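Here's the structure we're looking at; comments come further down.
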Amino acid sequence: MKKNKDVVIVKGWSLGTFIKGLILGLIIGGIVVFLIGKQLESKSHSSEETDLIVDDVIEEHFAGYTAVDFQDAVLGKAKEHSELIVMEQPIQYSTTLAQEGPWNWEIFRKTKAITYHGTGIYTVNLSEINKDRIEVDDNNKMVRIKVPHPMLQYVNPDYEKIEFEDTEKGLLAFTDIKLTTEQQNELEKAVMTGMEDLLHDSAILKQAEEFANMKTWDLFQPIVTSISPEYKVEVIFE
């Protein structure tokens with residue numbers, strides 16, 4: 001009589017199942033690697049774009065100079081030359097002295113023509129320049145500086161060059177003209193006023209402005225160039 005043998009069944013992976021799992025694992029791994037690569041690439045591009053933006057900002061705003069650099073340089077130079085002499089204008093003023101005799105009779109009258117020489121000094125007050133008067137135009141590479149108009153600062157008379165004409169005398173006027181100290185002071189004040197009036201002539205003031213333009217440009221352009229050779233100074237009077 002035959003005896004039945006117990007049959008033990010062990011469940012496990014068959015060769016076909018193993019291959020299928022291997023393929024599936026490779027597919028899933030490939031997808032994961034692909035997704036990770038895309039993410040890293042995206043981060044890389046984002047980082048590059050950020051670097052480019054930062055580089056542009058640095059190049060635009062920190063390329064060795066800023067608008068403040070130009071302003072500070074101009075203000076520093078203006079402080080050194082707060083009252084800039086831009087023109088010295090020679091001037092002469094002629095007047096006639098008259099001295100009456102008794103009863104204002106013509107026969108006692110004495111007159112003398114006198115010509116005075118002097119120099120008018122024109123200046124620009126650079127101490128009035130502040131940051132609001134300094135405009136930096138990056139598009140046109142220009143530094144515009146608003147400067148006060150030149151003014152007649154003072155008149156310097158040259159009393160060694162006074163020219164006296166001969167005294168014209170009436171029939172009974174025998175002596176020369178003599179002035180008291182008070183009369184001499186009044187004469188000098190009148191001469192100064194006359195010279196100032198001549199020096200305020202519009203043609204002379206226009207010439208003073210032309211010289212002021214050149215002088216201030218010569219003063220500020222070198223320091224602007226030292227910051228950036230590309231920038232030019234433009235002087236505007238106001």
Side-chain angles (χ1 to χ4, degrees), residues 74 77-130 133 145-222 233-238:
V74 170
K77 183 61 68 172
K79 188 176 181 179
E80 293 177 8
H81 304 269
S82 58
E83 202 71 45
L84 180 65
I85 296 176
V86 296
M87 188 176 79
E88 298 182 8
Q89 177 63 40
I91 193 72
Q92 65 180 39
Y93 176 79
S94 297
T95 187
T96 300
L97 293 180
Q99 193 171 64
E100 305 294 340
W103 308 291
N104 291 333
W105 286 4
E106 189 70 25
I107 56 175
F108 297 109
R109 181 180 175 84
K110 293 175 283 189
T111 60
K112 180 187 289 287
I114 306 175
T115 300
Y116 291 84
H117 294 266
T119 304
I121 308 299
Y122 295 83
T123 64
V124 170
N125 186 5
L126 299 183
S127 64
E128 295 185 15
I129 298 178
N130 52 40
R133 287 175 171 260
I145 306 173
K146 297 178 181 179
V147 177
H149 287 278
M151 298 182 63
L152 177 64
Q153 185 67 22
Y154 59 89
V155 180
N156 185 20
D158 188 348
Y159 293 112
E160 294 183 359
K161 291 184 178 180
I162 300 176
E163 299 175 11
F164 297 94
E165 300 292 334
D166 293 335
T167 302
E168 295 184 3
K169 303 174 183 178
L171 184 60
L172 298 179
F174 303 109
T175 60
D176 205 344
I177 296 177
K178 294 182 180 180
L179 299 178
T180 63
T181 301
E182 183 180 356
Q183 290 173 331
Q184 183 66 36
N185 292 335
E186 291 179 356
L187 174 61
E188 290 178 1
K189 288 180 181 179
V191 169
M192 291 292 288
T193 300
M195 284 187 172
E196 290 175 357
D197 290 341
L198 292 175
L199 291 167
H200 280 103
D201 180 76
S202 59
I204 296 179
L205 290 176
K206 183 179 179 181
Q207 186 179 13
E209 192 163 291
E210 292 174 354
F211 276 102
N213 193 322
M214 290 187 291
K215 290 279 189 178
T216 51
W217 191 93
D218 289 341
L219 181 66
F220 293 125
Q221 184 59 56
V233 169
E234 181 181 8
V235 177
I236 301 173
F237 292 101
E238 66 170 17

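A quick note: this is a predicted structure, and the numbers were derived from the prediction, not measured.
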Less than 3.5 Å apart, any donor N or O on the side chain of Glu160 or His117 sitting next to an acceptor on the other?
no
Using a 3.5 Å distance criterion without hydrogens, assess whether the side chain of Gln221 forms a donor-acceptor pair with backbone atoms of Val233.
yes
Results of salt bridge (charged side-chain N to carboxylate O under 4.0 Å, His left out) for Glu80 - residues two or more places apart only
Lys77
Are more than 12 heavy atoms, taken from residues, nucleotides or ligands other than Asp166, located less than 6.0 Å from that residue's CG atom?
no
Tightest non-hydrogen contact, residues Leu152 and Gly120, listed as CD1-CA, 3.9 Å
Inter- and intrachain pairs under side-chain hydrogen bond (donor to acceptor under 3.5 Å, both in side chains), touching residues 203-215, at least two apart
His149-Glu209
Salt bridge (charged side-chain N to carboxylate O under 4.0 Å, His left out) involving Asp176 - partner list, sequence neighbours excluded
Lys112
Heavy-atom pair with the smallest gap, counting every atom of Leu179 and Leu187:
CD1-CD2, 3.9 Å
Locate the shortest heavy-atom distance separating Val124 from Ala212; write the atom from each residue and the value.
CG2-CB, 3.8 Å
Heavy-atom pair with the smallest gap, counting every atom of Pro222 and Trp217
CD-O, 4.1 Å
Going by salt bridge (charged side-chain N to carboxylate O under 4.0 Å, His left out), name the residues that satisfy it together with Glu186, two or more places apart in sequence or in a different chain.
none
Tyr122 side, atom OH; Tyr154 side, atom OH - distance, nearest 0.5 Å
12.5 Å
Any chance CE of Met192 has more than 12 other-residue heavy atoms, nucleotides or ligands included, within less than 6.0 Å?
yes
May I ask you to test the Val191-Tyr159 pair for a side-chain heavy-atom distance under 4.5 Å?
no
Can you list everything that forms a salt bridge (charged side-chain N to carboxylate O under 4.0 Å, His left out) with Glu238? Sequence neighbours excluded, please.
Arg133
Kindly compute the distance separating CZ (Arg109) from CD1 (Ile177), expressed to the nearest 0.5 Å.
9.0 Å
Minimal heavy-atom distance between Leu126 and Thr216, with the atoms involved, is CD2-CG2, 4.3 Å
Can you give me every donor-acceptor pair (side chain of residues 84-97, partner residue at least two apart or in another chain, under 3.5 Å) with its distance?
from: Ser94; atom 1: OG; to: Thr115; atom 2: OG1; distance (Å): 3.0

Could you grab the distance from atom NZ of Lys146 to atom CD of Glu234, nearest 0.5 Å is fine?
10.5 Å
Ile129 versus Val147: any side-chain heavy-atom pair under 4.5 Å?
yes
Closest heavy-atom contact between Ala78 and Phe220?
N-CE2, 3.9 Å
